[in-house]
Amino acid sequence: MSACVHTRPHHLPQPHSPPPAPHRRFRIAGADLSASIAVFLIALPLSLGIALATGAPLQAGLVAAAVGGLVAGRLGGSPLQVSGPAAGLTVVTADLIHRYGWRTTCAITVLAGLAQLGLGCLRVARTALAVSPAVVHGMLAGIGVTIAISQLHVVLGGTPQSEVIDNILALPAQLIGLHPAAVSMSALTLIVLLAWPRLPGRPGRLLRRIPAALVAVTGATVTASLAGLILPKVDLPSWGSHALAGLPDGPVLGLAAAVFTTMLVCSVQSLLGAVAVDKMAAARPGPEPRVGRSDLDRELLGQGAANIASGALGGLPVAGVAVRSSANVQSGAVSRNSTMLHGVFVVVAALLMVPVLDLIPLASLAALVMAVGIQMVSLHHIRTVTRHREVLVYAVTTLGVVFLGVLEGVALGVAVAVAVSMHRLTRTRITHEEKGGVHYVHVRGQLTFLAVPRLSRVLHLAPQGAHAVVELDGSFMDHAAYESLQDWRTSHTAQGGTTELTGCRTGLRTSERTASAECHCRPWTPWRNHQCAMPSGDQGLRGGPSGDGASGHRTPDGTGLPNGETGAQGGISGGGGAGVDTGSDSGPSTGPVPAASGPGTSPALGPGTGAASGSDQGTHSGPSTGPDAGAGANPDARSSIGTNAADSLGGHELARGISAFQRNTAPLVRDELARLAREGQRPSQLFLTCADSRLVTSMITSSGPGDLFVVRNVGNLVPLPGEEKGDDSVAAAIEYAVDVLKVRSITVCGHSGCGAMQALLNSAPGDGQTPLGRWLRHGQPSLERMADDSRPWARLAGRPAADAAEQLCLTNVVQQLEHLHAHDSVARARANGSLELHGMYFHVGEAQAYLLGGAGGNDVFQHVPGTEELPSLA
């Protein structure tokens with residue numbers, strides 16, 4: 001996401017003055033025109049290929065492409081999404097044509113569009129996004145496999161069968177009797193498709209602007225014509241004989257199932273595509289005008305209207321198409337005009353280019369569609385569902401779609417997804433063991449009412465007056481389990497026993513050995529140099545300050561365990577410790593530092609930044625990990641590890657922090673770090689900030705291992721190339737991050753109360769005799785920039801700088817961004833559009849981040865809202 005935010009004054013009419021006349025002139029931006037041409041060149045061969053793959057009249061693909069551009073483009077809620085005949089609908093449409101014929105299939109398309117209109121009016125579009133991604137990806141993979149297998153017969157010069165099994169069984173005979181001319185044109189098409197995006201050098205960059213699909217099909221067509229090859233080619237009959245929709249003819253239940261299947265696949269693919277287009281548009285570099293977020297309900301209405309029109313005119317079903325939408329966004333489209341123009345171009349081509357289209361070999365189109373089908377089986381999706389332990393759902397859905405059909409496969413995948421979720425929810429292991437007179441009850445999994453009988457039975461194995469330790473290793477606890485555990489604790493304590501509840505996900509502990517040993521710290525105060533205000537004589541008896549649920553166990557009231565209590569009655573403590581929230585698949589975390597889930601978007605860094613190290617696991621080492629904060633939850637550390645490593649290491653703060661990490665955090669992040677050790681680091685961001693100890697980069701960016709390549713120095717300075725006088729450490733880090741790690745963005749982050757900026761303000765001539773003074777010379781351009789009256793001052797949105805030091809902090813960020821442009825690696829990456837530069841200011845006292853926004857001298861740091869301040873997605 002670009003850091004540039006354009007602010008323009010709004011000119012309002014004076015009171016009692018007539019409203020300004022509306023602008024009637026229709027204007028098309030140059031970016032929309034060029035994007036529409038690129039999309040048209042992709043859509044034309046793909047539309048014909050998809051029509052060929054379904055067995056529909058070839059004109060039906062052109063009709064669907066034109067209607068998708070004009071109707072869905074005008075009425076839909078996603079301005080940049082391009083609709084048309086989609087490969088994901090190929091299997092469904094081919095089956096309908098085989099069962100009911102073409103005219104009835106058109107009627108089914110019309111009815112599916114009416115159903116989409118009804119759903120859009122009910123405003124349930126966002127509900128479709130609740131379908132498990134494993135089911136959606138499995139459905140697309142199954143469709144892709146089916147397409148690839150069927151089109152392989154056309155590639156070899158034969159005719160595909162209607163069923164996948166029949167196509168597989170017929171492959172040996174097809175391989176024996178292959179058609180050399182068809183195979184040669186198919187091979188040429190596939191070679192061009194693979195090689196064209198990989199053309200090297202500057203000429204390659206220019207040629208790659210031409211869509212690979214167009215070049216491949218054009219190359220095969222020209223070669224076949226010049227060589228005089230005899231093979232089946234496109235045959236577009238006269239538009240006068242084009243078949244339109246007829247009345248539905250068939251069993252009612254079968255037609256209803258066909259309408260539902262068509263509506264489901266069209267809707268889900270279009271809605272997911274709209275969300276993906278929003279992400280791609282937001283991630284575009286440069287100062288292009290921002291396009292509003294998609295209105296999913298309006299998108300469903302637009303898709304319904306397009307399907308009604310396409311079916312009535314004898315076209316294929318219409319849905320949002322990922323390939324064309326991606327090309328539209330990457331070509332710089334700024335409005336829905338590009339989508340509509342591409343539809344106009346398709347109409348013109350369908351009317352005027354019939355003689356040219358009739359020269360295209362069918363084998364070339366089949367090879368193109370087969371390549372699209374293969375790409376629908378995404379290795380990235382397979383790795384993602386594997387990490388989230390949903391590979392069974394993915395595999396069942398894929399196989400179900402391939403061998404049973406789309407609707408049956410999706411239903412089977414949803415059923416398996418529900419079964420897997422129920423299995424995870426009910427799979428709770430509760431064990432008991434006694435060691436040295438202490439009774440340990442270990443609960444692994446989610447605590448729901450289904451586990452209450454076993455939990456109660458195991459808890460009562462601890463005899464009266466005994467010390468019991470309950471280890472809760474899970475992320476969710478419902479009200480029944482909460483009350484059962486609370487009642488047992490109260491009863492066991494009343495009978496002279498003691499209890500200790502441990503949240504294994506954070507390693508935070510409390511004990512009830514003494515009712516008077518109450519910690520007076522709030523959750524964050526252990527960060528104050530690890531000083532916890534404990535009552536005298538009670539240190540060493542407690543595991544850490546009580547908080548509000550940092551254990552990661554969600555209780556019915558949303559707090560920690562138990563409700564509202566602190567200190568000795570506080571249950572699971574919540575202040576420091578490892579500070580790790582593992583928010584992967586197991587449910588929400590309730591710690592003071594929320595776990596980031598999914599790909600993650602950090603407001604400070606734009607898309608792609610968040611926890612999980614790019615792995616979607618949602619694990620991050622929170623701000624209280626390691627030597628700076630890791631020991632906070634256990635100031636004395638004796639109740640947790642007794643005669644422990646911390647004591648043997650002399651009680652040093654660093655040693656205690658490392659000990660807390662090894663005990664509490666390392667078990668949680670070991671798998672993730674092992675993956676990073678195997679795969680190497682692949683950060684998406686270079687984060688250059690000050691060495692100030694109050695700046696915890698992982699905290700303010702919600703990032704974790706593998707996310708950020710961090711460079712810290714005094715004053716977050718970026719010396720100009722050749723200015724470091726023998727110390728090229730910053731320049732080396734920039735070159736390594738950009739050229740080797742291929743980071744997508746660089747952020748320079750300043751902060752309030754910066755000692756380096758204060759030293760610059762107070763510096764005098766001759767102060768540069770020490771290493772620190774020589775280093776601060778690199779900040780002189782920032783001083784000169786602030787003193788230059790011809791340049792506007794950098795400022796915070798909504799308020800002026802508090803003092804000269806804050807003004808210099810802001811100016812310094814802007815100046816260091818200019819220094820970045822002078823580095824060759826940065827200049828090259830910026831030139832090819834692969835790198836973004838961001839400025840950031842963090843106010844330590846307010847715990848508030850500001851992003852640099854504006855261009856052309858408008859250097860304004862915009863306030864970054866919190867989650868509760870962000871606008872609703874609805």
Side-chain angles (χ1 to χ4, degrees), residues 3-5 604 686-697 700 710-720 723-725 730-731 734 746-823 837-864:
C4 296
V5 178
L686 167 59
F687 197 80
L688 198 153
T689 188
C690 186
D692 193 293
S693 62
R694 296 166 296 179
L695 287 183
V696 184
T697 57
I700 62 179
V710 181
V711 175
R712 305 184 70 152
N713 61 52
V714 175
N716 48 275
L717 299 177
V718 182
L720 290 168
E723 293 286 332
E724 291 187 78
K725 306 299 183 184
V730 176
I734 294 171
I746 302 178
T747 299
V748 177
C749 177
H751 68 97
S752 62
C754 181
M757 298 299 103
Q758 189 64 51
L760 270 175
L761 285 173
N762 298 332
S763 63
D767 285 352
Q769 303 304 316
T770 67
L772 178 59
R774 288 193 295 271
W775 172 253
L776 289 179
R777 287 177 179 174
H778 300 305
Q780 285 296 324
S782 300
L783 272 177
E784 297 169 2
R785 185 187 188 96
M786 192 172 73
D788 188 353
D789 293 335
S790 64
R791 293 184 175 185
W793 273 13
R795 60 187 177 87
L796 296 174
R799 71 171 178 86
D803 50 30
E806 184 172 60
Q807 182 61 58
L808 183 56
C809 291
L810 299 173
T811 304
N812 183 57
V813 171
V814 178
Q815 185 64 40
Q816 303 314 313
L817 287 174
E818 285 195 5
H819 287 182
L820 277 172
H821 287 86
H823 289 261
L837 301 184
H838 301 281
M840 177 179 167
Y841 176 74
F842 185 75
H843 195 289
V844 177
E846 298 173 355
Q848 177 61 55
Y850 297 83
L851 279 182
L852 178 62
N858 189 19
D859 299 324
V860 182
F861 287 80
Q862 301 287 344
H863 167 275
V864 177

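In what follows, residues are counted from 1 in the order of the sequence shown.
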Quiz prompt | Derivation and outcome, side-chain contact (heavy atoms from CB on, under 4.5 Å), residues Leu695 and Arg712 | solution = CA-CA 10 Å; Leu695 287 183; Arg712 305 184 70 152; 3.6 Å; yes

Exercise. Report the distance from atom CD1 of Ile734 to atom NE2 of His819, rounding to the nearest 0.5 Å.
Key: 11.0 Å

Quiz prompt | Stepwise side-chain contact (heavy atoms from CB on, under 4.5 Å) check, Met840 with Val864 | solution = CA-CA 10 Å; Met840 177 179 167; Val864 177; over 6 Å; no

Quiz prompt | Reported CZ-to-CZ distance for the pair Arg795 and Phe861, which is rounded to 0.5 angstrom | solution = 11.5 Å

Exercise. Any salt bridge (charged side-chain N to carboxylate O under 4.0 Å, His left out) involving residues 800-810? Give me the pairs, sequence neighbours left out, ordered by first then second residue.
Key: Arg799-Glu806

Quiz item: Which atoms form the tightest heavy-atom contact between Cys690 and Cys754, and what is the distance?
Solution: SG-SG, 4.2 Å

Practice problem: Any chance you could measure Leu783, atom CG, to Arg777, atom CZ, to the nearest 0.5 Å? | Solution: 14.0 Å

Quiz item: Can you name the salt bridge (Lys or Arg N to Asp or Glu O under 4.0 Å) partners of Glu818, sequence neighbours left out?
Solution: Arg785

Quiz item: Do any N or O atoms from the side chain of Thr689 and from the backbone of Cys749 form a donor-acceptor pair under 3.5 angstrom?
Solution: yes

Practice problem: Grab the two heavy atoms, one from Ala759 and one from Leu776, that are nearest each other, plus how far apart they are. | Solution: CB-CD1, 3.7 Å

Practice problem: Indicate yes or no for a side-chain donor-acceptor contact from Gln807 to the backbone of Ala794 under 3.5 Å, with no hydrogens or angles considered. | Solution: yes

Quiz item: Looking at Gln816 and Ser782, what are the two nearest heavy atoms and their distance?
Solution: NE2-OG, 3.3 Å

Quiz prompt | Distance (rounded to the nearest 0.5 Å) between Asn812 CG and Leu717 CG | solution = 5.5 Å

Practice problem: Test Gln780 against Ser763 for side-chain contact (heavy atoms from CB on, under 4.5 Å), laying out the working first. | Solution: CA-CA 10 Å; Gln780 285 296 324; Ser763 63; 4.1 Å; yes

Quiz item: Quick check: does any side chain N or O of Thr811 sit under 3.5 Å from a backbone N or O of Leu808, one acting as donor and the other as acceptor?
Solution: no

Practice problem: Starting at CG of Leu688, measure out to CG of Leu817 and round the result to the nearest 0.5 Å. | Solution: 9.5 Å

Quiz item: Which pair of heavy atoms, one from Ala731 and one from His823, lies closest together, and at what distance?
Solution: CB-CE1, 3.8 Å

Self-check item: For Asp692, all residues meeting side chain to side chain donor-acceptor pair (under 3.5 Å), sequence neighbours excluded
Solution: Arg694

Practice problem: Supply the atom-to-atom distance Trp775 CH2 to Asn713 CG, rounded to the nearest 0.5 angstrom. | Solution: 4.0 Å

Practice problem: Show the numbers, then the answer: is there a side-chain contact (heavy atoms from CB on, under 4.5 Å) between Arg791 and Val814? | Solution: CA-CA 12 Å; Arg791 293 184 175 185; Val814 178; over 6 Å; no

Self-check item: Gln848 side chain to His843 backbone, donor-acceptor under 3.5 Å
Solution: no

